[in-house]
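Just so it is clear, the values below take in all heavy atoms, side chains as well, and ignore hydrogens, waters and symmetry mates. As the structure lists them, so they are numbered: ligands from 1, and atoms in each ligand from 1. Source: prediction; values computed, not measured. For reference, positions follow the sequence shown, starting with 1.
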Amino acid sequence: MFEDRSKRTELSEIGEFGLIDLISKNTELLNSSTIKGIGDDCAVLDAGHQKVLISTDLLVEGVHFDLTYTPLKHLGYKAVAVNLSDIAAMNAIPQQITVSLALSNRFSIEAVEELYKGIHLACKKHKVDLVGGDTTSSQKGLIISITAIGYASDDQIVYRNGAKEHDLICVSGDLGGAYVGLLSLQQEKSEFVANPDMQPELDGKEYILERQLKPEPRTDIVLELQKLGIKPSAMMDISDGLGSELKHICKQSGVGCTIYEEKIPIFQQTWDIARKFDLDPTTCALNGGEDYELVFTIKQSDYERIKTLNDVHVIGHITNEESGLTLITKNGVSAPIKAQGWDGLK
Ligand code: ADP
Ligand code: MG
């Protein structure tokens with residue numbers, strides 16, 4: 001097409017984050033109303049007395065979801081939830097979404113209605129209005145793109161770049177469950193393909209399946225922090241895995257970090273099922289992704305107040321840049337944090 005055929009670099013050579021860096025480097029911002037462009041959980045736009053936050057995500061069948069084990073209603077719910085999560089990650093509250101769909105002729109009216117049942121349910125639960133979108137056909141499968149819009153005052157917005165040495169690192173909820181849930185669903189699928197008469201064995205896995213199929217954006221944490229008068233110095237939502245998100249915060253803030261393995265919150269069921277898969281639960285928490293919890297940093301002086309929140313856990317602290325990213329294991333050994341994250345354009 002338009003590319004110079006003498007030079008071809010594979011996308012896999014630079015990965016998703018390298019690609020985004022490349023796009024960002026070549027993107028010029030022309031309007032003073034663009035406060036923050038590419039590079040955080042949301043773009044931030046100046047709308048006079050308030051700032052507008054915008055985030056978009058694209059979900060592709062066969063890449064991000066598998067309809068053999070994802071009910072359409074859950075898919076609709078999750079597609080909305082993951083976008084609202086990016087608004088929460090900026091310490092803001094979402095209010096509108098747009099939904100764009102590409103559908104192949106495999107999908108019936110009833111299937112689309114089912115998808116929208118989930119979309120409407122998520123909107124209702126999180127008090128968000130569906131205000132538009134686009135619909136088109138696809139040659140194969142289903143593609144969903146959702147844009148979420150939120151609002152915040154200038155001094156309320158939290159970026160990835162504000163973490164300071166000695167700040168405490170906090171995470172909400174628990175981690176690793178969504179990944180272990182995904183592994184369980186994939187295992188059931190392959191067993192079903194091998195033996196279609198088999199009944200799925202999902203008892204005792206309810207929590208991790210819900211973590212994978214029905215994540216919730218943590219807008220409740222944003223509201224609790226506001227109530228306590230705590231403004232995080234940096235924040236992200238955990239979509240790729242704690243290790244990857246800490247890497248982003250540290251890189252953008254020009255700092256390092258130390259976290260303690262024993263402090264990473266992992267639900268018992270996540271732990272047990274990870275072990276059944278012969279996996280280290282801590283690795284699932286660090287690299288699993290899709291938990292849509294929040295990771296944020298706060299000043300040490302906020303410690304007494306943060307302690308009052310049951311669903312927030314202090315897991316470590318920010319260090320200087322030279323110290324790098326360190327995990328102190330349960331045996332007291334220091335290990336560099338590996339951020340596996342994304343490993344191919346998927
Ligand atoms: P998140 O995981 O929080 O959704 P991403 O890692 O997908 O964030 O994106 C990081 C940043 O890069 C965001 O600011 C996003 O808007 C931007 N971005 C991602 N893909 C593109 C693209 N194709 N063109 C322009 N900006 C992009
Ligand atoms: Mg995000």
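The backbone N or O of Leu67 sits nowhere less than 3.5 Å from a side-chain atom of Thr70 that would complete a donor-acceptor pair. Without hydrogens or angle criteria, Ser85 side chain to Pro217 main chain gives no donor-acceptor distance under 3.5 Å. Under the 3.5 Å distance criterion, the side-chain polar atoms of Asp280 are matched with a main-chain donor or acceptor of Thr282. Of the possible donor and acceptor atoms, one in the side chain of Gln156 sits under 3.5 Å from a partner among the backbone N and O of Asn91. Using modelled atom types, no side-chain atom of Ser138 and backbone atom of Leu142 make a donor-acceptor pair closer than 3.5 Å.
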task: Verify salt bridge (Lys or Arg N to Asp or Glu O under 4.0 Å) between Arg275 and Asp272, making sure each step is shown before the conclusion.
output: CA-CA 5 Å; Arg275 283 281 177 231; Asp272 295 342; over 6 Å; no
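Heavy-atom proximity to atom 26 (N) of ligand 1, evaluated over Ile38, Leu22, Thr56, Asp21, is greatest for Ile38.
Taking each heavy atom of Phe107 and Ala111 in turn, the nearest pair found is CD2-CB, 4.2 Å.
In summary, the atoms of ligand 1 found under 4.0 Å from a heavy atom of Ser239, numbered by their order in the structure, are 2 (O).
The Mg ion (ligand 2) has Asp41 OD1, Asp86 OD1, Asp237 OD1 as its protein N, O or S neighbours under 2.8 Å.
Nearest non-hydrogen protein atom to atom 4 (O) of ligand 1 is Asp86 OD2, 3.2 Å. The protein heavy-atom contact nearest to atom 7 (O) of ligand 1 is Glu16 OE2, 3.9 Å. The protein heavy atom nearest to atom 19 (C) of ligand 1 is Ile20 CD1, 3.5 Å. Among all non-hydrogen protein atoms, the one lying nearest atom 11 (C) of ligand 1 is Gly39 N, 3.6 Å. Taking atom 6 (O) of ligand 1 as the reference point, the nearest protein heavy-atom neighbour is Phe17 CE2, 3.9 Å.
With rounding to the nearest 0.5 angstrom, the CD atom of Glu261 is 10.5 Å from the CD1 atom of Ile328.
The proximity of Ile23 to ligand 1, defined as any non-hydrogen pair under 4.0 Å, is limited to the side chain. Contact annotation for Asp40 and ligand 1: only backbone heavy atoms (N, CA, C, O) come within less than 4.0 Å of the ligand. Only side-chain heavy atoms of Arg160 come within less than 4.0 Å of ligand 1; its backbone N, CA, C and O stay farther off.
Within the 4.0 Å cut-off (strictly below), no protein heavy atom is located near atom 21 (C) of ligand 1. Counting protein heavy atoms under 4.0 angstrom from atom 14 (O) of ligand 1 gives one or more.
Heavy-atom contacts from other residues, nucleotides or ligands closer than 6.0 Å to CZ of Phe277 number more than 12.
Taking the side chain to side chain donor-acceptor pair (under 3.5 Å) definition, one finds that Ser233 meets it with Asp167, Thr297, sequence neighbours left out.
Checked options Val222, Asp41, Asp237, Val158; the residue passing with Met90 is Asp41 (criterion: side-chain contact (heavy atoms from CB on, under 4.5 Å)).
Asp46 has its side chain out of reach of Asn31: every pair of non-hydrogen atoms, C-beta onward, lies at least 4.5 Å apart.
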